Number of protein chains: 2
Amino acid sequence: MTKNLGPAAARRTFDEEVVLDAAAHVFRKHGFGGATVREVAQAAGMLPGSLHYRYPSKEALLLDLMERALNRVLALGRSAVESARDPAERLRLGLRAHIEALLSGDDDFYVLLYDWRSLEGAAMLGMLRLRARYEAFWDDLLQDAARAGWVRPGIDLELVRQFGFGAMNWVAQWRQETDPRTPADIADAFWSYLAFGLLAEDKRRGFGQTTRKRKGGRR
Amino acid sequence: MTKNLGPAAARRTFDEEVVLDAAAHVFRKHGFGGATVREVAQAAGMLPGSLHYRYPSKEALLLDLMERALNRVLALGRSAVESARDPAERLRLGLRAHIEALLSGDDDFYVLLYDWRSLEGAAMLGMLRLRARYEAFWDDLLQDAARAGWVRPGIDLELVRQFGFGAMNWVAQWRQETDPRTPADIADAFWSYLAFGLLAEDKRRGFGQTTRKRKGGRR
DNA sequence: AGACTTCTTGGTCAAATGACCAAGAACCTC
DNA sequence: GAGGTTCTTGGTCATTTGACCAAGAAGTCT
């Protein structure tokens with residue numbers, strides 16, 4: 001299967017992948033707190049000592065894992081989006097990429113989503129910095145769309161990003177393997193709801209089209 | 001503070017609340033797997049033995065806790081919604097109630113959101129049944145709106161529910177105590193985005209207003 | 001106040017857990 | 001194939017963990 005990739009270093013990275021895959025699987029199943037290094041080792045096909053040789057602590061595993069996850073979504077998002085110039089289309093493609101990543105079966109993303117609270121101190125800060133890059137990726141997409149006049153006025157783009165993140169990430173929670181909707185179906189439906197809204201044409205009058213009764217001023 | 005509510009039974013329920021509050025706090029902080037019964041006991045102001053007297057196991061705590069959480073959101077949602085007849089307004093009020101609950105500081109909801117994976121077997125099934133009641137509450141709201149002609153055709157209401165759940169629940173993740181937006185602000189903004197969509201008026205032509213390229217047929 | 005129930009105390013117990021390591025096997029390089 | 005490096009083995013070790021309990025204290029009721 002995996003032919004000889006060259007000398008030692010290559011196998012080392014390969015091994016690391018295997019270990020992180022195992023960790024992702026176990027952490028996803030039990031949560032970081034509930035998982036044991038022994039089970040990770042077993043899932044990786046090695047003894048606990050061998051795992052310890054590669055990773056000195058459980059937390060180190062979590063860190064590398066979440067970093068890998070973040071790099072992966074970011075890479076997938078960027079590559080998905082680059083094929084289109086149109087800002088709205090780029091948003092749609094980004095949405096697709098994110099949801100397809102989540103539903104690809106890669107356990108990494110679940111750990112990224114659900115074990116955030118297990119990070120501490122510097123580890124947390126590092127992750128936040130990395131996460132900020134992904135958020136910036138989306139903010140760019142949104143701002144490009146807004147600048148090109150695609151977005152109706154009065155919309156808080158940061159709120160939209162969070163709104164979208166929530167909707168997308170939640171898919172990992174509810175979507176079953178047996179669901180007839182493909183990831184792309186779901187993404188496109190989400191895009192359509194988000195872009196056009198739910199209301200029927202004849203019901204769109206009579207409501208403030210931006211938030212009603214604003215409280216604080218814009219920041 | 002808490003005046004004598006009457007005889008023993010009252011204090012017992014009060015005690016149980018205290019214990020569940022403590023459990024909610026600890027589970028939220030470390031996750032169910034990472035939390036210890038000792039810490040729960042301490043947070044509840046009692047020795048581990050006393051906690052054991054009330055709850056025979058850690059899992060029993062989780063169960064009661066999640067049940068309480070589910071009953072709470074459901075009750076809050078129902079009561080928020082009953083003041084309006086208009087289907088769109090009822091949706092907006094439901095959204096508000098859900099988000100305000102999440103941001104109220106009640107730890108229960110975080111446990112409900114993040115420790116689902118710690119449930120097993122019958123416990124899981126029981127929770128699913130309870131959760132279904134909350135989902136049904138929302139489906140009713142959505143179907144009422146659709147039946148009254150508020151929703152543009154071709155929209156998958158179940159998908160909309162999940163879409164909304166995701167957006168709402170995610171708020172618990174990102175919203176900081178220092179955020180100038182009130183929970184109601186956020187809820188109303190979400191409602192506006194969901195109802196009207198993001199696109200500017202002049203950009204709404206030329207796209208299929210429902211999902212493009214449907215794959216499977218409608219179920 | 002006496003009888004009874006409820007709850008707490010302070011601890012035990014076996015199992016699990018994260019971290020660690022000495023000794024040796026496997027591998028690589030020259 | 002010798003010498004050095006990398007990795008594995010099989011285990012140890014101090015803690016922590018969930019569960020449990022006998023004995024007594026506190027509360028309740030009549």
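The chains referred to below are lettered A, B, ... by the order of the sequence lines, with proteins before strands, and numbering in each begins at 1. It should be emphasised that the depicted structure is a prediction, and the values quoted were computed from it without experimental measurement.
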Fit a plane to each ring of B/F137 and B/Y134, take the angle between them on a 0 to 90° scale, and name the class: parallel (under 30°), tilted (30 to 60°) or perpendicular (over 60°).
parallel
Side-chain N,O (B/Y53) to OP1/OP2 (C/dT8) below 4.0 Å:
no
Mind calculating the distance between OH (B/Y55) and P (C/dC7) to the nearest angstrom?
13 Å
Separation of atom NE2 in A/H30 from atom P in C/dA16, rounded to whole Å:
13 Å
State which of C/dT9, D/dC20, D/dT8 makes the closest approach to the side chain of B/H52.
D/dC20
So, is B/R54 near the phosphate of C/dT6, with a side-chain N or O under 4.0 Å from OP1 or OP2?
no
Between A/F32 (CZ) and C/dT17 (P), how many Å, whole number?
14 Å
Rounded off to whole Å, could you give me the CE-to-C1' distance for the B/M46 and C/dC7 pair?
10 Å
For the pair A/Y193 (side chain) and B/D156 (backbone), establish whether a donor and an acceptor sit closer than 3.5 Å, ignoring hydrogens and angles.
yes
Mind calculating the distance between CG (A/L47) and P (C/dA19) to the nearest angstrom?
17 Å
On DNA chain C, nearest-nucleotide positions of A/G49 versus A/V37: which is more 5'?
A/V37
Assess whether atom CD of A/Q173 is packed by more than 12 heavy atoms of other residues, nucleotides or ligands within 6.0 Å.
yes
Report the distance from atom CG of B/L51 to atom C1' of D/dT17, rounded to the nearest whole Å.
14 Å
Measure from the side-chain N and O atoms of A/R90 to the backbone N and O of A/V81, and report whether any donor-acceptor pair falls under 3.5 Å.
yes
Just by distance, do the side chain of B/R92 and the backbone of B/D188 share a donor-acceptor pair under 3.5 Å?
no
Using a heavy-atom cut-off of 4.0 Å across all strands, would you classify A/A60 as base, sugar-phosphate, or nothing?
nothing
A/T36 near the nucleic acid: base, sugar-phosphate alone, or nothing, with a heavy-atom cut-off under 4.0 Å?
sugar-phosphate
A/K58 NZ to D/dT15 P: how many Å, rounded?
19 Å
Just how far, in rounded Å, is P of C/dA16 from CZ of A/R38?
10 Å
When we call it a touch if two heavy atoms are under 4.0 Å apart, what does A/A41 touch: a base, just sugar-phosphate, or nothing?
nothing
Nearest to side-chain heavy atoms of B/S57, which nucleotide of D/dA19, C/dG10, D/dT9:
D/dA19
Of A/A35 and B/G45, whose nearest nucleotide on DNA chain C comes first from the 5' end?
B/G45
